[in-house]
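Below is one structure, written out as structure tokens, with a few remarks after it.
Everything quoted here is computed from the prediction, not taken from an experiment.
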Amino acid sequence: MLINGYEEGPLVAGEPLLARPGFWSNHLMAMGGTGTGAERAVPEWFGDDGADTDALTEILFDPERWPVFRVPAADGTGLVVIYRNLVGDYGIDHLLTRPDRSRARRITGGDGGFSGTGLPWHELVRIADSPDPEADGVQDSAARLLLLLPLLDELDAPRTAPARLSAALIAAGAPHETAPSTAESLLTHLMGRARHDSAWASPLSGSQRASLSCRRRTGRLNELQVPFIQGC
């Protein structure tokens, strides 16, 4: 797999890892609680155990293989999640592509901070619920929502958000009895972290304020050229 701008990374299709025990713990646990004891996120919140989570950590963060998860939408919009396993500069990058643009743009990178703005809840749900059946990538709506959840940039998600997120967690293997509290914890963390400015538009709107570019770690590129994914 090749993604322009990531030529130095040994990219591999990550979609098969979604079904592996321990995946969602690795992807979402950092967004759980930051406290201790019962308040601290644990693998069991996501239906995993510590051994499975540790085993998946070795795979997800292997410097020799950078998993890539593609989330194409029916309207041509595409989001790509890349585990950037560069030694000394680990991170999870989110790239946005649009059919009316010739470049893909990185929304998050490094420490997970936004390059301009993330996505409001209604955009995350819209993308999750509108897969492109003709494109390669993740088709399941629950997995799509959970993959993109770190992009949430909203100070006050709608009342329906906890129930929708809880249902997605259950579909991904989280225990029915604890999924609602896990969903609440994730949303509380994300909304508390959000750095939303009411003057910013969604990056899907095409506004200039929403299109603030970010520099890659090398400083050579602000945006990523497309076509961004090619088979190899």
Of the non-hydrogen atoms in [X] and [Y], which two are nearest, and what is the gap between them?
X    : Y    : answer
F69  : L60  : CZ-CD2, 4.3 Å
A179 : L169 : O-CD1, 3.9 Å
H27  : L147 : NE2-O, 3.1 Å
L146 : A168 : CD1-O, 3.7 Å
P72  : D136 : CG-O, 3.6 Å
A171 : A142 : CB-CB, 3.8 Å

Is the backbone of [Y] close enough, under 3.5 Å, to the side chain of [X] for a donor and an acceptor to pair up by distance?
X    : Y    : value
R144 : A128 : yes
T182 : T178 : yes
N85  : P63  : no
D153 : G118 : yes
S166 : P162 : no
R84  : D89  : yes
T77  : A73  : no
E15  : R70  : yes
D132 : D75  : no

Lys/Arg N to Asp/Glu carboxylate O, D129 vs R164, below 4.0 Å: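 So D129 pairs with R164 through a salt bridge.
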
Relative to the ring of Y83, is the ring of F61 parallel (under 30°), tilted (30 to 60°) or perpendicular (over 60°)? perpendicular

Is it the case that one hydrophobic cluster holds both F46 and I170, taking links as side-chain heavy atoms less than 4.5 Å apart, direct or via other members? no

Could you walk me through whether L28 and W45 pass the side-chain contact (heavy atoms from CB on, under 4.5 Å) test, one step at a time? CA-CA 10 Å; L28 298 175; W45 284 16; over 6 Å; no

Does the side chain of V81 reach to within under 4.5 Å of the side chain of V68, using non-hydrogen atoms?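 No, their side chains stay 4.5 Å or more apart.
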
Pairwise distance [atom1]([X]) to [atom2]([Y]) - rounded to 0.5 angstrom:
X    : Y    : atom1 : atom2 : answer
D54  : I59  : CG    : CD1   : 11.5 Å
R65  : E58  : CZ    : CD    : 14.0 Å
H189 : L149 : NE2   : CG    : 10.0 Å

Would you please say whether a donor-acceptor pair under 3.5 Å links the side chains of Y6 and D93?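 Side chains of Y6 and D93: pair found under 3.5 Å.
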
